[in-house]
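I have placed the structure first, in the form of C-alpha cells, so that the comments after it can refer back to it.
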Amino acid sequence: SPWIFGAFAQNTTTRWMYGHLNTYVYAKVCWNNKTDVNALLEEYYTLMYGKGREEMKLFFETLEKIWIGRIVGRMVDTPLGPVPSQPSDYELFNSIYSVERLAMLDGWLKSAAAKAGAGTLEARRVELMRREYFEPLSKRAYKYLDSTDVKRGLAWRSEKLSAPNIIPNATF
C-alpha cells in the first residue's frame, strides 16, 4: 500500500447497475486498502436488504459464480493460446439459466422482499434488483425458449399450412 499512488477502474457492462457492487467495493478499497472485502459485502447485504439479506446474498453470489465460471471465464486452449469461449444461446438458456435456475432466483427475490416487509425501503431495493437484473434475464430466456419450443413451432406451422391456398396443389 505505501507504493500505490493511483488506480483505474473500468465498467464495461451494458447497464451501470450490473457493476454496482464492483464500483462500491472499488471505492471502499481505494479509500482504505486494508478493507476486509468479505466483511464489507456482509455489511452491504444487511444495510441494503435488511431481513432479506441472506436471499439477496444467494442471488448475487449465484449470478457472480455463473458469470465468472460459465460465461466470461470459459477459456479454450488454441494454438494461439487461451481464448474466451462464450456459451451458445441454447446452452445459456437450457443449462446455465435454465427454467429451474430462473425459478430459484425468482424465489430468492420473492422471499427477500417478503422478509424485508411490504413497502419498506429494503423491499423497494429488492424490487429494484428484480427489475434491473432478473427481469431482463428472464425475459430474454423465455423469449428464446418460446422461439425454440418444438410444440409451439409445430402449432404455428400447422396453422399456417392448413390455411387455404398457402401452398397450392401440395399434398401432405
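These numbers were taken from a predicted model, which means no experiment stands behind them.
Taking a cutoff of 4.0 Å between a charged side-chain nitrogen and a carboxylate oxygen, Lys51 and Glu122 do not qualify as a salt bridge. Between Glu127 and Arg124, none of the side-chain N atoms (NZ, or NE/NH1/NH2) sits under 4.0 Å from a carboxylate O, so this pair counts as no salt bridge. Between Asp89 and Arg140, at least one side-chain nitrogen of the basic residue sits less than 4.0 Å from a carboxylate oxygen of the acidic one, meeting the salt-bridge criterion.
Ring-plane geometry between Tyr44 and Tyr49 is classed as perpendicular, the angle between the planes exceeding 60 degrees on a 0 to 90 degree scale with a lower cut at 30. Note: Tyr18 and Tyr133 have tilted aromatic rings, judged against thresholds of 30 and 60 degrees for the angle between ring planes.
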TODO: List the steps, then state whether side chain to side chain contact (heavy atoms under 4.5 Å, CB included) holds for His20 with Met129.
DONE: CA-CA 11 Å; His20 85 280; Met129 298 308 161; 3.9 Å; yes
Task: Working for side chain to side chain contact (heavy atoms under 4.5 Å, CB included), residues Leu63 and Tyr97 - done: CA-CA 10 Å; Leu63 291 178; Tyr97 294 119; 4.3 Å; yes
TODO: Starting from the C-alpha separation in whole Å, work towards a yes-or-no answer on side chain to side chain contact (heavy atoms under 4.5 Å, CB included) for Val25 and Val29.
DONE: CA-CA 6 Å; Val25 170; Val29 170; 4.1 Å; yes
- [ ] Please step through salt bridge (Lys or Arg N to Asp or Glu O under 4.0 Å) for the pair Glu91 and Arg74, ending with a clear verdict.
- [x] CA-CA 13 Å; Glu91 183 181 4; Arg74 285 177 22 149; 2.8 Å; yes
Open item on the list: I'd like to know whether Arg53 forms a side chain to side chain contact (heavy atoms under 4.5 Å, CB included) with Glu42, so could you lay out the CA-CA distance, the side-chain angles of the two residues, the decisive distance to 0.1 Å, and finally the verdict.
Closed with: CA-CA 8 Å; Arg53 69 176 305 288; Glu42 292 299 324; 2.3 Å; yes
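One distance of note links CG of Asp36 with NZ of Lys28; it measures 13.0 Å at 0.5 Å rounding. One distance of note links CG of Leu121 with CZ of Arg125; it measures 3.5 Å at 0.5 Å rounding. Residue Met56 holds its CE atom at 12.5 Å from OG1 of Thr46, rounded to the nearest 0.5 Å. Glu61 contributes atom CD, which lies 9.0 Å from atom CD of Glu64 (distance to the nearest 0.5 angstrom). Distance check, rounded to the nearest 0.5 Å: CZ of Phe59 to OH of Tyr45 gives 10.0 Å. Rounded to the nearest 0.5 Å, atoms CZ (Arg101) and OG1 (Thr62) are 7.5 Å apart.
Taking each heavy atom of Ala123 and Gly117 in turn, the nearest pair found is CB-O, 3.2 Å. Residues Arg131 and Glu135 come closest through the heavy atom pair CA-OE1, 3.8 Å. Across Glu55 and Ser111, no two heavy atoms sit closer than the pair OE2-OG, 3.0 Å. For Pro87 against Leu92, the heavy-atom pair with the smallest separation is CG-CD1, 3.9 Å.
Aromatic ring centres of Tyr90 and Tyr144: separated by at least 6.0 Å.
Within the 4.5 Å cutoff, side-chain heavy atoms of Pro84 are placed close to those of Met75. You'll find the side chain of Leu58 stays beyond 4.5 Å of the side chain of Leu105, heavy atoms only.
The hydrophobic cluster containing Tyr26 does not contain Leu21, counting ILVMFWY residues as joined when their side-chain heavy atoms lie under 4.5 angstrom apart, directly or transitively. Linking Ile, Leu, Val, Met, Phe, Trp and Tyr whenever their side-chain heavy atoms come within less than 4.5 Å leaves Trp31 and Leu40 in two separate clusters. By the criterion of side-chain heavy atoms lying less than 4.5 angstrom apart, applied directly or through intervening Ile, Leu, Val, Met, Phe, Trp or Tyr residues, Val37 is grouped together with Trp67 in one hydrophobic cluster. Leu47 and Met17 end up in different hydrophobic clusters when Ile, Leu, Val, Met, Phe, Trp and Tyr side chains are linked at under 4.5 Å.
In Trp16, the CH2 atom is crowded: over 12 heavy atoms of neighbouring residues, nucleotides or ligands sit closer than 6.0 Å.
Side-chain N or O atoms of Thr23 include one that pairs as donor or acceptor with a backbone N or O of Gly19 at under 3.5 Å.
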